[in-house]
Amino acid sequence: MPEVVFSVDQAMSMRDQKVPGHNRWHPDIPPAVTVKPGSDFRIECRDWTDNQIGNNDSANDVRDVDLTHAHMLSGPIAVEGAEPGDLLVVDILDLGPVPQSQGEGSGQGWGYTGVFAKNNGGGFLTDRFPDSYKAVWDFHGQQATSRHIPGVRYTGITHPGLFGTAPSAELLARWNAREQALIDTDPHRVPALALPPLADNSLAGTADGETASRIAAEGARTVPARENGGNHDIKNFTRGSRVFYPVLVPGALLSGGDLHFSQGDGEITFCGAIEMGGFIDLHVDLIKGGMEKYGVTTNPIFMPGNVAPQYTEFISFVGISVDHDTDTNHYLDATMAYRNACLNAVEYLMSFGYSGEQAYLLLGSAPIEGRLSGVVDIPNACSTLYLPTAIFDFDIRPTAEGPRKADRGQCAVTS
């Protein structure tokens with residue numbers, strides 16, 4: 001096993017760890033450890049909410065989750081010799097739930113998928129599903145099942161939702177300015193257009209005093225993906241993957257977490273993966289001056305691994321950029337098209353007895369494939385959702401006999 005350079009006691013909050021992690025992006029968060037280029041190491045991770053969600057049959061915890069704590073990140077990890085302008089090469093060697101563990105924290109034999117309430121985070125289909133719901137999943141090796149969505153069993157693509165390097169002070173200021181400008185276009189929108197810096201429940205690693213106060217006041221929230229990487233939620237970012245991150249500060253300061261047992265493309269419920277704590281083994285190296293050599297200025301470069309479930313048959317749902325409720329075209333709006341593809345899949349699954357909420361949770365967590373299928377045929381963009389048929393223990397293909405409707409139970413709901 002590689003050396004553990006960031007350890008986590010799963011019985012304790014991230015704030016109470018011997019070396020705490022952080023939940024904001026800021027260049028002044030001190031490194032927790034320094035590693036050499038060419039080294040292999042293990043990082044242990046908490047659940048992204050710091051274990052606010054329980055293994056139970058109520059979604060009240062999802063409804064009431066305090067998102068000011070998110071995300072609980074392990075790190076930063078400084079890489080010796082890394083300088084701004086380099087590319088940090090990160091290989092995922094292995095990852096998974098908390099090893100040989102059963103317990104109350106997610107990742108200890110189980111994980112969860114949640115639908116956030118519209119007034120506390122929301123989700124991709126929040127106008128259709130404004131309340132909170134939850135499905136708890138039990139892990140069976142590489143597979144997951146849920147008492148809240150019966151009739152489904154699938155192999156997950158285990159991956160981290162979030163990894164990235166620290167921003168420079170100049171880039172951090174740009175993030176905060178542009179996101180505040182977006183918020184100012186509709187400051188009272190629910191859910192909010194973006195999340196500005198917030199001192200409440202800020203965690204700044206081992207920083208203290210004035211430095212910690214400055215990080216709390218300036219640090220960027222970790223919810224979106226940005227130029228440094230961040231919360232990409234790419235389901236194929238799994239074993240064997242390689243990422244080239246821009247180095248923006250001395251040491252690169254790599255951090256991450258938000259581990260997922262499985263996820264569908266888009267993580268459409270927002271808390272749409274099967275969330276868990278666990279571990280990730282990494283190898284790091286450097287390409288000196290790599291940002292200029294390869295024209296990398298606003299993005300990481302990602303090479304997916306060759307590990308994925310071997311599903312070969314899919315049923316696909318098409319969405320176009322039309323608001324069908326008002327019969328209004330939205331010119332080449334691929335987001336609306338994918339939203340319609342998801343809604344079409346939800347309606348289809350309901351014909352087999354699932355509730356809309358169960359179908360929504362399933363599409364967020366199962367290894368569905370979302371594809372941008374057409375963005376040139378004016379006025380309608382076309383997006384598609386590919387759902388593996390083999391994850392069901394009954395035939396979901398259309399037949400002349402009609403759908404095999406049955407009592408599919410229910411997901412966890414709020415009181």
Side-chain angles (χ1 to χ4, degrees), residues 2 4-10 12-26 29 31-33 35 41-53 65-78 88 90 92-99 101 105-108 111-112 114 156 158-167 201-206 219-226 228-235 237-239 241 243 245 252-263 267 270-282 284 300:
V4 178
V5 300
F6 192 96
S7 62
V8 165
D9 182 340
Q10 295 293 341
M12 299 171 61
S13 166
M14 181 63 90
R15 299 176 183 279
D16 299 326
Q17 302 293 325
K18 184 176 180 181
V19 178
H22 63 101
N23 62 2
R24 302 292 190 269
W25 289 119
H26 197 284
I29 297 174
V33 67
V35 301
F41 54 88
R42 173 168 291 189
I43 295 172
E44 296 176 343
C45 301
R46 284 279 281 176
D47 164 86
W48 73 286
T49 71
D50 209 19
N51 279 356
Q52 295 182 57
I53 311 301
V65 66
D66 187 345
L67 294 175
T68 64
H69 292 275
H71 294 78
M72 288 296 174
L73 304 184
S74 297
I77 311 298
L88 178 65
V90 179
I92 298 182
L93 307 179
D94 197 8
L95 77 159
V98 182
S101 180
S106 71
Q108 295 184 292
Y112 64 90
T158 310
H159 61 282
L162 195 163
F163 259 86
T165 51
N201 294 314
S202 173
L203 182 61
T206 57
R221 306 285 287 280
T222 59
V223 170
R226 298 187 180 93
N228 69 323
N231 197 22
H232 277 136
D233 291 313
I234 301 170
K235 79 174 192 297
F237 184 23
T238 186
R239 297 173 186 84
S241 295
V243 186
Y245 287 110
L253 302 185
L254 177 73
S255 301
D258 186 27
L259 301 186
H260 297 163
F261 187 87
S262 178
Q263 181 203 294
E267 197 186 10
F270 185 11
C271 186
I274 299 181
E275 308 285 350
M276 67 177 190
F279 75 94
I280 183 166
D281 295 342
L282 303 175
V284 295

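Nothing fancy with the numbering, it's 1 onward along the sequence.
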Exercise for the section: Measure the shortest side-chain to side-chain distance between Ile29 and Leu253 over non-hydrogen atoms and say whether it is less than 4.5 angstrom. Expected result: no

Handout entry: Step-by-step side-chain contact (heavy atoms from CB on, under 4.5 Å) determination, Thr238 to Leu95
Key = CA-CA 8 Å; Thr238 186; Leu95 77 159; 4.2 Å; yes

Exercise for the section: Might you point out which heavy atoms bring Pro97 and Gly107 nearest each other, and give the distance in Å? Expected result: CB-O, 3.2 Å

Practice task
Answer yes or no: is there a donor N or O on one side and an acceptor on the other, between the side chain of Gln17 and the main chain of Gln10, under 3.5 Å?
Solution key: no

Exercise for the section: First locate atom CD1 of Ile53, then atom OH of Tyr112, and finally report the distance between them rounded to the nearest 0.5 Å. Expected result: 5.0 Å

Handout entry: Minimum-distance pair of heavy atoms, taken over all atoms of Leu73 and Gly257
Key = CD2-N, 4.1 Å

Exercise for the section: Could you tell me whether the side chain of Glu267 and the main chain of Gly272 form a donor-acceptor pair under 3.5 Å? Expected result: yes

Practice task
For residues Val284 and Leu88, determine if any side-chain heavy atom of one lies less than 4.5 Å from a side-chain heavy atom of the other.
Solution key: yes

Handout entry: Side-chain heavy atoms of Phe163 within contact of Leu282, under 4.5 Å
Key = yes

Problem - Main-chain N/O of Ser106 paired to Glu275 side chain as donor or acceptor, under 3.5 Å - result: no

Handout entry: Sub-4.5 Å side-chain heavy-atom contact between Asp94 and Phe279
Key = yes

Exercise for the section: Kindly say whether Ile92 contributes a backbone atom to a donor-acceptor pair with the side chain of Arg239 at under 3.5 angstrom? Expected result: no

Handout entry: Student check: side-chain heavy atoms of Met276 and His260 closer than 4.5 Å
Key = no

Handout entry: Under 3.5 Å donor-acceptor, Arg15 side chain and Asn201 backbone
Key = yes

Handout entry: Residue pair Pro300 / His232, side-chain heavy-atom distance below 4.5 Å
Key = yes

Exercise for the section: Over all heavy atoms of both residues, which pair between Gln52 and Asp66 is shortest? Give the atoms and the distance, please. Expected result: OE1-N, 2.9 Å

Practice task
Kindly say whether Gln108 contributes a backbone atom to a donor-acceptor pair with the side chain of Ser101 at under 3.5 angstrom?
Solution key: no

Problem - Test item: Asp47 and Met72 side chains (from C-beta on) under 4.5 Å apart, heavy atoms - result: no

Problem - Minimum-distance pair of heavy atoms, taken over all atoms of Ser74 and Met14 - result: OG-CE, 3.9 Å

Problem - Stepwise side-chain contact (heavy atoms from CB on, under 4.5 Å) check, Trp25 with Thr222 - result: CA-CA 7 Å; Trp25 289 119; Thr222 59; 3.9 Å; yes

Completion exercise
Nearest heavy-atom contact between Gly21 and Leu203 is O-CG, 3.3 Å

Exercise for the section: Kindly say whether Ser13 contributes a backbone atom to a donor-acceptor pair with the side chain of Asp50 at under 3.5 angstrom? Expected result: no

Exercise for the section: Walk me through it: do Trp48 and Leu67 pass the test side-chain contact (heavy atoms from CB on, under 4.5 Å)? Expected result: CA-CA 10 Å; Trp48 73 286; Leu67 294 175; 3.8 Å; yes

Handout entry: Verdict with reasoning, Phe6 to Val33, per side-chain contact (heavy atoms from CB on, under 4.5 Å)
Key = CA-CA 8 Å; Phe6 192 96; Val33 67; 5.7 Å; no

Handout entry: N/O donor-acceptor pair under 3.5 Å between Asp258 side chain and Pro160 backbone
Key = no

Handout entry: 4.5 Å side-chain heavy-atom contact, Arg46 and Asn51
Key = yes

Exercise for the section: Provide the closest heavy-atom pair for Asp233 versus Gln263 in the form atom of the first, atom of the second, distance. Expected result: O-NE2, 2.9 Å

Handout entry: Interatomic distance, Leu162 atom CG to Ile234 atom CD1 [nearest 0.5 angstrom]
Key = 11.0 Å

